[in-house]
Number of protein chains: 2
Amino acid sequence: MADPKMRFDTIVKNLRENNYKLTPQRLAIVKILSRSEGHPSVEKIYEYLQDDFPTMSLATVYRNVMLMKSLGEVLEIGFPDGSNRYDGNKPDPHPHVICVQCKKIIDPDLSTLKDMTEEVANETGFKILTHRLDFFGICRDCTNNR
Amino acid sequence: MADPKMRFDTIVKNLRENNYKLTPQRLAIVKILSRSEGHPSVEKIYEYLQDDFPTMSLATVYRNVMLMKSLGEVLEIGFPDGSNRYDGNKPDPHPHVICVQCKKIIDPDLSTLKDMTEEVANETGFKILTHRLDFFGICRDCTNNR
DNA sequence: TATTATATGATAGTTATTATTTTTTAGATT
DNA sequence: AATCTAAAAAATAATAACTATCATATAATA
């Protein structure tokens, strides 16, 4: 896990360089994303912020998460049900292991994983922009608690 | 690509064994899925069937695609925008290369791909049920035509 | 502190999907 | 072959997650 403080500074720097305004709401969202504990959903980020910003609109969270995504500062993890979760702590593509029951997301260390992007580009003629490698299953907790 | 006729027969056999009724609508949907040319969406399947079944409901396509999915006879390919495409010709998990512009989906031959499922299971304690490996980029056609 | 482009909050709209209800029908049974 | 019944289809309402719109507020700057 990257240091949340450093990620926060990096993202704020990126925002500054692109002349985005640093509103309190935006910074609060960035702060949560820079840690991204538990790979939060937009809804979850919104909930976290209810204490400090009781009048904040859900749309503001959506707008800001999308902005960070467009700046390459958050990785979107799409669920089969259409919902999304976000990682602003490790924004580059990396594998996930997802519990289909409790929706927990883990970042495994896959020592044998080699980058196949170049091979795919060569074989298909595509310019590869990104990729995803996600495993779905039942975590130990969910297996035991039943 | 598997022989569509054989896939059709396999799926119909599965339906029979589980006592699902073989309605004309269902069989028509299965026929399209067993070929899955271009990895169709539900909407696309619905369009294909307008000629033969002008009164068919979109919900019927959804219900049947979901049924085939629950029987393990189709693979769902989720797009970042939340929409889904389906493959009933090769229903087991396999990598995809997806053009983010024209939405074309290609199945590449990745010689170096080894199955990491066991490694992930060992490292995380998850019971892995399925996985996905998808590359996103711009295809050759879309690169040239602009 | 005045200006202005941008961001926010409130809310309406959209899209893909799922649920509900009534009608129809496949396949079994007489 | 006619009847029966659970399952499926059609029509449509409801939902969830997101996206657009617009009036108001505010961060950055001059």
Side-chain angles (χ1 to χ4, degrees), chain A residues 11-33 39-71 73-74 76-86 103, chain B residues 11-33 39-71 73-74 76-86 103:
Chain A
I11 299 174
V12 170
K13 184 155 165 276
N14 196 341
L15 285 168
R16 276 218 167 81
E17 280 165 359
N18 289 282
N19 297 313
Y20 288 105
K21 293 185 177 172
L22 304 178
T23 64
Q25 295 92 329
R26 178 163 287 165
L27 292 174
I29 293 165
V30 169
K31 190 168 176 201
I32 291 173
L33 285 173
H39 304 78
S41 62
V42 164
E43 196 71 40
K44 205 82 190 167
I45 295 171
Y46 177 70
E47 283 170 25
Y48 287 150
L49 293 170
Q50 280 308 299
D51 287 348
D52 290 346
F53 301 87
T55 70
M56 178 182 279
S57 168
L58 188 57
T60 297
V61 185
Y62 271 105
R63 263 181 312 226
N64 277 288
V65 170
M66 288 311 114
L67 175 60
M68 304 314 147
K69 192 181 142 194
S70 74
L71 292 173
E73 297 292 0
V74 304
E76 186 174 68
I77 306 156
F79 273 61
D81 69 1
S83 65
N84 289 304
R85 304 266 293 271
Y86 296 90
K103 313 288 183 187
Chain B
I11 298 174
V12 170
K13 184 156 163 278
N14 196 341
L15 285 169
R16 267 197 224 285
E17 281 166 357
N18 290 281
N19 297 313
Y20 288 105
K21 292 184 178 173
L22 304 178
T23 65
Q25 293 93 328
R26 177 163 287 163
L27 291 174
I29 292 166
V30 169
K31 190 170 176 196
I32 290 173
L33 285 173
H39 304 77
S41 62
V42 163
E43 196 70 42
K44 205 81 190 168
I45 295 171
Y46 178 69
E47 284 169 25
Y48 286 148
L49 293 170
Q50 281 307 300
D51 286 348
D52 291 346
F53 301 87
T55 70
M56 179 182 280
S57 167
L58 187 56
T60 296
V61 185
Y62 271 104
R63 259 175 308 180
N64 277 287
V65 171
M66 288 310 114
L67 174 61
M68 303 315 147
K69 193 181 142 195
S70 75
L71 292 173
E73 297 292 0
V74 305
E76 186 175 68
I77 306 154
F79 274 61
D81 70 1
S83 66
N84 288 303
R85 305 264 294 272
Y86 297 90
K103 312 288 183 187

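Chain A is the first sequence line, chain B the second, and so forth, proteins listed ahead of strands; every chain is numbered from 1.
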Along DNA chain D, first and last positions that approach a heavy atom of chain A under 4.0 Å: dA17(D) to dA28(D)
N or O in side chain of S57(A) less than 4.0 angstrom from dT8(C) OP1/OP2: no
Sugar-phosphate only, base, or nothing, as touched by D81(B) at under 4.0 Å among non-hydrogen atoms: nothing
Heavy-atom check, side chain of L71(A) versus side chain of Y20(A), under 4.5 Å: yes
Rounded distance in Å - OH (Y62(B)) to P (dT20(C)): 18 Å
Heavy-atom closest pair, residues Y46(A) and S57(A): CE1-C, 3.9 Å
Minimal non-hydrogen separation, K103(A) against R85(A), with atom names: O-NH1, 2.8 Å
Atom of V30(A), atom of I11(A) and distance for their closest heavy-atom approach: CG1-CG2, 3.7 Å
Whole angstrom value for the distance that separates P of dA7(C) from CG of L49(A): 18 Å
Check nucleotides 21-26 of chain C against the protein and report each pair of N or O atoms closer than 3.5 Å, with its distance, or say if there are none.
residue, atom, partner, partner atom, Å
dA26(C), N3, K21(B), NZ, 3.3

Toward the 5' end of DNA chain C, by each residue's nearest nucleotide, V42(B) or R16(B): V42(B)
Atom pair distance, as rounded to whole Å: CG in N84(A) and C1' in dT15(C): 14 Å
Length of the line joining M56(A):CE and dA10(C):C1', which is rounded to integer Å: 14 Å
side-chain contact (heavy atoms from CB on, under 4.5 Å) assessment of N84(A) paired with V42(A): CA-CA 8 Å; N84(A) 289 304; V42(A) 164; over 6 Å; no
Pair E73(A), N14(A): side-chain N/O donor-acceptor within cut-off below 3.5 Å: yes
Any side-chain heavy-atom pair of Y86(A) and E76(A) under 4.5 Å: yes
Heavy-atom check, side chain of R26(A) versus side chain of R63(A), under 4.5 Å: no
P54(B) or Y20(B), whichever maps to the more 5' nucleotide of DNA chain D: Y20(B)
Most 5' of I29(B) and L58(B) on DNA chain D, judged by nearest nucleotide: I29(B)
Flag side-chain contact, heavy atom, 4.5 Å: L15(A) against L67(A): yes
Sugar-phosphate only, base, or nothing, as touched by N19(A) at under 4.0 Å among non-hydrogen atoms: nothing
